[in-house]
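This report concerns only the one structure given below.
Because the structure is predicted, anything quoted here is derived from the model rather than measured. Residue numbering restarts at 1 for every chain, and letters A, B, ... go by the order of the sequence lines. Below, all heavy atoms of this structure are taken into account, side chains as well, without hydrogens, waters or symmetry copies.
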Amino acid sequence: HLNSKQATSQTTKTVTIGVAPGPYGDMAKKVIGPLLKKKGFTVKTKEFNDYIQPNKALSTGEIDANLFQHTAYLKTFSKANHLKLTAIAKTPTLGMGIYSKKITKLSALKNGATVSLANDPSNLARSLQLLAANKLIKLKAKINVAQASLADITSNPKHLKFKTLDAAQLPQSQSNVTIALIPGNYSWNANLDPSKALALENLSADYQEVFVVKTSAKNSKFAKAVKSVLNSQAFKDAIAKSKFKNFQKPDTWK
Amino acid sequence: MSQIELTNVSVLFKAKNRTISAVNDVSLAIEAGEIYGIVGLSGAGKSTLVRTINGLQKPSTGLVKINGIDITSLTKQKLKQVRQKIGFIFQNFNLISNRTVGQNIAFALTAGGYPEKEQPAKINELLSLVGLADRVDNYPNQLSGGQKQRVGIARALANEPEILLCDEATSALDVATAEEIVNLLKDINKRLKITIVFITHQMEVAKKLFNRMAVMDNGVVVETGKTYEIFANPQSPMAKKLVNHVLAVAIPSEIKQQLALQATQGQILTLKYHGEDSLHPLITAIARETNVDISILQGHIEFIEARAIGILSIYITGETLAIKKAIAAFNSQVTTSAEVGE
Amino acid sequence: MSQIELTNVSVLFKAKNRTISAVNDVSLAIEAGEIYGIVGLSGAGKSTLVRTINGLQKPSTGLVKINGIDITSLTKQKLKQVRQKIGFIFQNFNLISNRTVGQNIAFALTAGGYPEKEQPAKINELLSLVGLADRVDNYPNQLSGGQKQRVGIARALANEPEILLCDEATSALDVATAEEIVNLLKDINKRLKITIVFITHQMEVAKKLFNRMAVMDNGVVVETGKTYEIFANPQSPMAKKLVNHVLAVAIPSEIKQQLALQATQGQILTLKYHGEDSLHPLITAIARETNVDISILQGHIEFIEARAIGILSIYITGETLAIKKAIAAFNSQVTTSAEVGE
Amino acid sequence: MTETLHILQENLGQALWETFEMVLVSSIIGIIFGTLIGLALYYYSNQLFTPRPVLNSIVGFIINATRSLPFLILMVVLIPFAKLIAGDPYTPMGGAVSLSVAAVPFFARIAQSAFAEVNQGVIEAGQATGAGFWLIFQDVLFPEALPALIRGIILTIISLIGYSAMVGTIGAGGVGNLAIQYGYNRYETGVLISVIVILVVIVQIIQWIGDRLANHYTRS
Amino acid sequence: MTETLHILQENLGQALWETFEMVLVSSIIGIIFGTLIGLALYYYSNQLFTPRPVLNSIVGFIINATRSLPFLILMVVLIPFAKLIAGDPYTPMGGAVSLSVAAVPFFARIAQSAFAEVNQGVIEAGQATGAGFWLIFQDVLFPEALPALIRGIILTIISLIGYSAMVGTIGAGGVGNLAIQYGYNRYETGVLISVIVILVVIVQIIQWIGDRLANHYTRS
Ligand SMILES: Nc1ncnc2c1ncn2[C@@H]1O[C@H](COP(=O)(O)OP(=O)(O)OP(=O)(O)O)[C@@H](O)[C@H]1O
Ligand SMILES: Nc1ncnc2c1ncn2[C@@H]1O[C@H](COP(=O)(O)OP(=O)(O)OP(=O)(O)O)[C@@H](O)[C@H]1O
Ligand SMILES: [Mg+2]
Ligand SMILES: [Mg+2]
């Protein structure tokens with residue numbers, strides 16, 4: 001009690017968190033921000049419309065943290081681009097879903113049906129894995145998450161026709177295709193109900209959303225504050241009361 | 001009903017906080033088949049006036065009638081039909097720069113509904129008329145000034161118009177080529193009975209070509225009449241100014257000096273010839289009668305519409321009394337004669 | 001060393017699979033301070049030739065020297081300096097359409113290094129010379145054809161050039177305005193000793209203005225000489241053609257018909273006047289001597305550089321023998337005379 | 001390196017064809033309708049014809065309204081329209097729809113400007129023959145404006161190639177999309193560079209042809 | 001509705017300012033350098049001046065190369081450059097860098113075309129006075145080409161407003177980005193429509209001013 005009072009009386013520091021359009025920006029603003037404020041940090045968010053700039057911007061110090069990616073992407077990306085970035089905590093995550101306006105269950109999927117999926121490699125990799133998990137296709141043994149492409153498919157027994165689109169187009173593409181694989185943030189923005197999905201991604205730890213800072217700053221006051229906030233009961237309660245309540249919770253929360 | 005009737009036509013231009021009255025209350029009637037000339041100083045309003053005749057320039061006030069139809073109030077469609085019967089030769093040519101000479105004329109032919117197949121032959125005929133048959137495939141920028149003007153003439157003639165409006169149609173041409181064009185126009189006028197309205201500042205052309213003419217001064221038509229009459233008896237100061245330039249009245253001072261050095265002193269007399277005067281052996285008759293000697297100093301006598309017109313400056317020598325007599329004789333026989341002061 | 005020397009200058013143009021030889025092996029020498037004329041039919045190559053003098057047209061072969069310097073091989077910088085001393089009046093004016101009359105002239109002044117502050121006064125002076133002082137703020141498209149030409153003249157005079165190249169500088173002007181311009185140029189020529197090269201098809205202008213002239217025919221200079229000589233004794237067919245057009249030699253058929261109806265038959269004679277002939281009482285003297293009557297039919301006698309020149313067509317009536325005698329007398333006294341017809 | 005080659009082998013041919021399709025279709029539509037609208041803007045505002053300020057403002061307004069939308073927004077807004085026209089909006093033909101909608105007003109302004117530069121005297125000379133507007137257009141306005149129109153067409157085609165990359169990324173394919181998907185999103189710099197080289201060559205050729213044509217039709 | 005109003009209240013002012021900043025800076029740079037390069041292209045290819053085919057090809061090649069890159073790729077490729085120039089590439093100033101790089105060659109071609117349409121005779125008349133090239137440029141070429149240049153400037157500014165939406169999405173902000181982030185990505189149609197209306201009004205005003213200026217400077 002006394003502690004927090006002290007902290008607020010100190011001058012606050014402004015930090016910028018890079019986000020992508022979707023729920024996590026709001027989460028950063030509406031839930032994490034107020035909690036961090038109590039720790040002496042004023043949170044500003046900066047929105048990026050792609051998945052490359054937020055990491056690059058973080059590494060060059062234009063932003064202090066970002067919240068838009070999962071561990072798998074972070075790893076491959078920072079390796080490919082020689083960036084030193086570290087995930088310091090996980091947040092609740094909305095996974096990718098298979099949605100359709102034409103069919104109500106995956107078993108009704110006919111041969112030669114069209115499938116729309118994201119064209120950026122990270123989402124594409126997850127889409128392929130989601131399809132594979134539902135036995136619609138087979139994939140190469142190891143696929144490079146940051147460079148996935150349709151060439152990674154080894155078997156396509158239903159002769160599905162794939163249409164790779166800008167992820168933001170996927171909700172709208174439902175009227176043109178049989179099924180659409182829509183990443184969580186886009187389905188969320190499009191007000192699609194996850195409970196209506198034909199299938200939902202079971203997020204492995206690697207695909208849960210992480211809060212990332214520069215490796216050199218992983219022990220900074222700010223990083224510590226974030227860690228403590230994201231693991232606090234206050235945060236869990238806030239999430240439970242928010243519109244993010246249906247998101248898949250980090251394993252560590254159990 | 002005259003073919004072209006202008007009634008109280010005025011054209012005003014607004015330019016930099018003042019109004020220029022380019023054409024000022026002009027009324028003219030031009031008959032079918034005549035060659036009507038318009039002369040005047042640079043900026044008098046000639047081009048502007050002629051542009052009102054085919055509607056390129058809307059008059060600020062006044063009526064313009066062609067064959068009795070007021071063209072200022074015609075629909076576009078009707079105006080087009082009227083224009084197809086009016087050829088226009090522009091002072092600054094206005095050729096389509098990215099089209100060949102042949103294509104420039106083909107355009108006019110097409111506008112007049114000339115069948116496409118027969119166009120090449122017609123184009124060749126028209127260009128031959130103006131001496132440019134071998135230039136059919138050249139672009140305007142490959143032509144000399146006079147050649148461009150001749151293409152403009154060929155284009156205006158393309159549709160065998162009823163009315164031909166010529167704005168300085170020969171001003172870029174040498175005298176020989178101009179004469180050819182003038183003869184061509186005269187011939188067309190006679191053969192096809194087309195009406196020609198011709199602006200020129202070339203008085204040579206004026207006197208050879210025009211039946212009647214109007215003299216403009218500062219937007220106003222100050223004089224109209226038969227060409228012969230205006231050359232012979234200009235009434236307005238402007239007409240006098242223009243005509244006198246042709247008839248070279250003044251005697252160069254050098255000549256006066258030379259005469260002053262002559263042994264026998266005499267008298268300079270300027271005779272003005274009109275009508276049939278030239279066919280009378282005037283000078284020799286008077287010389288013989290009064291026993292004076294007469295030298296011809298300078299002058300200009302020629303024929304406008306087959307009637308003589310001109311001025312002759314003569315130098316009369318002899319006895320003082322004889323000179324007096326001779327002068328009296330001249331005064332009684334030629335239209336006017338003036339003694340030129342010592 | 002002449003001020004302008006052209007040596008074997010030729011200009012070839014390629015146009016649609018043929019080559020036009022616009023200027024063909026022309027050599028000319030023009031002296032400082034003279035007014036040199038170039039005449040010829042439309043398309044003869046006059047403009048092209050004059051454009052080589054200030055380097056606007058590179059000759060295909062040949063040398064162009066100004067004050068002894070070959071300008072075809074000058075650097076751009078040097079060429080600019082040479083051009084600042086050469087005014088050029090364009091046949092088609094070439095005014096900057098989006099600049100006012102005043103700005104058009106200011107441009108030339110600035111190019112010649114005239115101090116900016118003094119420009120308005122100079123512009124006013126130049127425009128007053130050509131009678132357009134009140135038009136300083138107008139745009140070229142607000143001017144008549146002749147007014148545009150006068151702006152072109154004012155612009156060319158702006159930098160008080162040593163050499164003035166005039167391509168049909170008066171062709172869009174009425175006779176009165178043209179005469180003013182000609183007098184202006186003559187005056188400038190005398191006062192400032194500038195050299196003027198003047199293309200014109202207006203023979204009136206030629207004879208009043210030129211000291212010497214060249215006659216061009218089809219790219220070739222066929223004749224050069226003093227203006228008086230060329231008007232008096234044209235040698236080449238082209239010079240004869242141009243001069244005869246001025247001196248109106250042919251007698252209209254109507255006149256011949258009228259003469260044929262006369263009671264007493266006579267003889268038409270054409271006298272050619274040269275030099276001082278006009279000061280002799282030739283006609284009356286011969287008439288008295290041979291006892292014939294002489295009427296003056298038409299003719300043109302005037303003064304070029306203070307010497308008479310002209311043609312007089314006369315009609316001699318009287319006894320057949322007397323007429324013969326009279327003709328013989330004329331033949332012995334005037335430069336040439338020719339019996340016409342019959 | 002072999003990876004790059006492999007990707008190119010697999011995708012380049014089709015991507016080039018897709019770009020070609022999109023750009024060709026939208027250029028043709030843009031040029032035809034753009035010329036007509038540009039002509040209307042010129043016609044209704046020129047003193048020599050029938051000035052109709054109101055009609056002119058309306059056409060101008062529609063043109064401007066379409067031009068106001070950033071292409072990024074325009075193409076998204078137009079997806080339903082593309083679907084209507086082309087069936088599937090996520091095809092080169094679907095992409096060509098939004099490209100065309102962008103090209104028309106762009107080229108309309110270029111055409112308007114080209115016509116506005118034509119000497120008024122020459123048009124008057126055309127009118128003096130009694131020619132109708134279409135004949136004047138065909139034989140006077142058009143040839144006189146042609147060099148400027150050709151330069152404008154080049155500008156349009158090259159701009160459309162650029163825009164085609166954008167519709168490419170939302171599903172229409174093409175070389176721009178190839179470059180972005182592999183070169184940018186998947187770090188295959190080789191692909192990016194190859195595509196850039198190919199684009200440079202293509203643009204260079206288009207420009208060269210355009211310049212030659214423009215000079216060929218300039219006779220003044 | 002209140003949501004829309006709220007978003008607009010919160011973001012519109014700044015977004016407008018950002019767009020203004022980006023477009024203004026890149027227009028100015030594009031017009032200045034574009035005019036110079038367009039002039040060079042004109043100068044080195046015109047018979048009246050010093051034709052230098054090689055130099056002309058090189059300048060032309062660089063221009064075309066820059067124009068070849070779809071803007072989407074160009075702006076990404078230029079991020080390091082933007083950082084160098086503007087410090088932070090994800091700001092309006094950073095965005096203005098890639099916009100400028102796109103605007104220069106675009107306007108260069110427009111300027112070249114405008115100069116190429118100027119009557120050769122008038123330029124010859126300028127040369128006959130002995131004027132140097134810069135004087136001819138200033139007093140002949142420029143005024144004669146001005147109406148076409150003004151129309152080209154309008155075309156450029158409006159195109160830049162469109163492109164600014166793209167740099168907006170990678171971090172430079174602006175109204176285009178506002179429309180996309182809220183209108184497209186978040187289905188706040190109200191925001192999308194509001195931004196479109198604002199853009200239409202802005203573009204309309206720019207066009208209106210441009211047309212008036214172009215007519216004012218046309219005297220032939
Ligand atoms: N650029 C060109 N290309 C082809 N031929 C040309 C070109 N310029 C001029 N000519 C031709 O060269 C010849 C001479 O032209 P030039 O302009 O010198 O004649 P000019 O004597 O001035 O005639 P005018 O009195 O009609 O002005 C003409 O036959 C003309 O058609
Ligand atoms: N668009 C215009 N705006 C303003 N004034 C004009 C316009 N057009 C012509 N004028 C003026 O109107 C007057 C008459 O011009 P017009 O062209 O009719 O003369 P013109 O008699 O044909 O002269 P020229 O023999 O020199 O061709 C001139 O003073 C001219 O400057
Ligand atoms: Mg006139
Ligand atoms: Mg000439």
> In terms of heavy-atom contacts, does CZ of E:F49 have more than 12 from other residues, nucleotides or ligands at under 6.0 Å?
Replying inline: yes
>> Could you check whether any side-chain heavy atom of D:P70 comes within less than 4.5 Å of a side-chain heavy atom of E:L199, counting everything from C-beta outward?
In response: yes
> Quick one: what part of E:E117 sits under 4.5 Å from any heavy atom of chain D, side chain, backbone, both or neither?
Replying inline: side chain
>> At a 4.5 Å cut-off on heavy atoms, which part of E:N215 comes close to chain D: side chain, backbone, both, or neither?
In response: neither
> Checking heavy atoms, do the side chain of E:L74, its backbone, both or neither come under 4.5 Å from chain D?
Replying inline: neither
>> Does any part of the side chain of E:L192, heavy atoms only, come nearer than 4.5 Å to the side chain of D:V77, both counted from C-beta?
In response: yes
> Could you give the distance from CD1 (E:I63) to CD1 (D:I158), rounded to the nearest 0.5 Å?
Replying inline: 10.5 Å
> Most heavy-atom pairs under 4.5 angstrom with chain E, which of D:N64, D:V203, D:I154?
Replying inline: D:N64
> Looking at D:I73 and E:G176, what are the two nearest heavy atoms and their distance?
Replying inline: CD1-O, 3.9 Å
> Aromatic rings D:Y163 and E:Y163: how do their planes relate, parallel, tilted or perpendicular, breaks at 30° and 60°?
Replying inline: parallel
> Do D:I150 and E:S113 touch side chain to side chain, with heavy atoms closer than 4.5 Å?
Replying inline: no
> How far apart are the C-alpha atoms of E:R67 and D:Q207, what are their side-chain angles, what is the distance that settles it, and do they pass the side-chain hydrogen bond (donor to acceptor under 3.5 Å, both in side chains) test?
Replying inline: CA-CA 11 Å; E:R67 293 222 61 211; D:Q207 184 77 48; 5.9 Å; no
>> Applying side-chain contact (heavy atoms from CB on, under 4.5 Å) to E:N119 and D:N119, what does each step give before you reach the verdict?
In response: CA-CA 10 Å; E:N119 182 296; D:N119 183 295; over 6 Å; no
>> Shorter than 4.5 Å, heavy atoms on both sides: which option in E:P147, E:S68, E:A214, E:S159 has the most such pairs with chain D?
In response: E:S68
>> Out of the candidates D:L72, D:I180, D:N177, only one should pair with E:L72 under the side-chain contact (heavy atoms from CB on, under 4.5 Å) rule; please name it.
In response: D:I180
> Does a side-chain heavy-atom distance below 4.5 Å link D:L155 with E:L155?
Replying inline: yes
> Who wins among E:A65, E:A148, E:A165 for the most heavy-atom pairs under 4.5 Å with chain D?
Replying inline: E:A148
>> Taking side chain as everything from C-beta outward and backbone as N, CA, C, O, which of these in E:S164 sits under 4.5 Å from a heavy atom of chain D? Side chain, backbone, both or neither.
In response: neither
> Is there side-chain contact between E:V200 and D:F61, with heavy atoms separated by less than 4.5 Å?
Replying inline: yes
>> Distance check, rounded to the nearest 0.5 Å: E:R151 atom CZ versus D:Q112 atom CD?
In response: 6.0 Å
> If you count heavy-atom pairs under 4.5 Å between each of D:D211, D:V195, D:I206, D:L69 and chain E, which one has the most?
Replying inline: D:L69
>> Quick check on the interface: out of E:V175, E:V76, E:I161, E:V201, who has the most heavy-atom pairs with chain D under 4.5 Å?
In response: E:V76
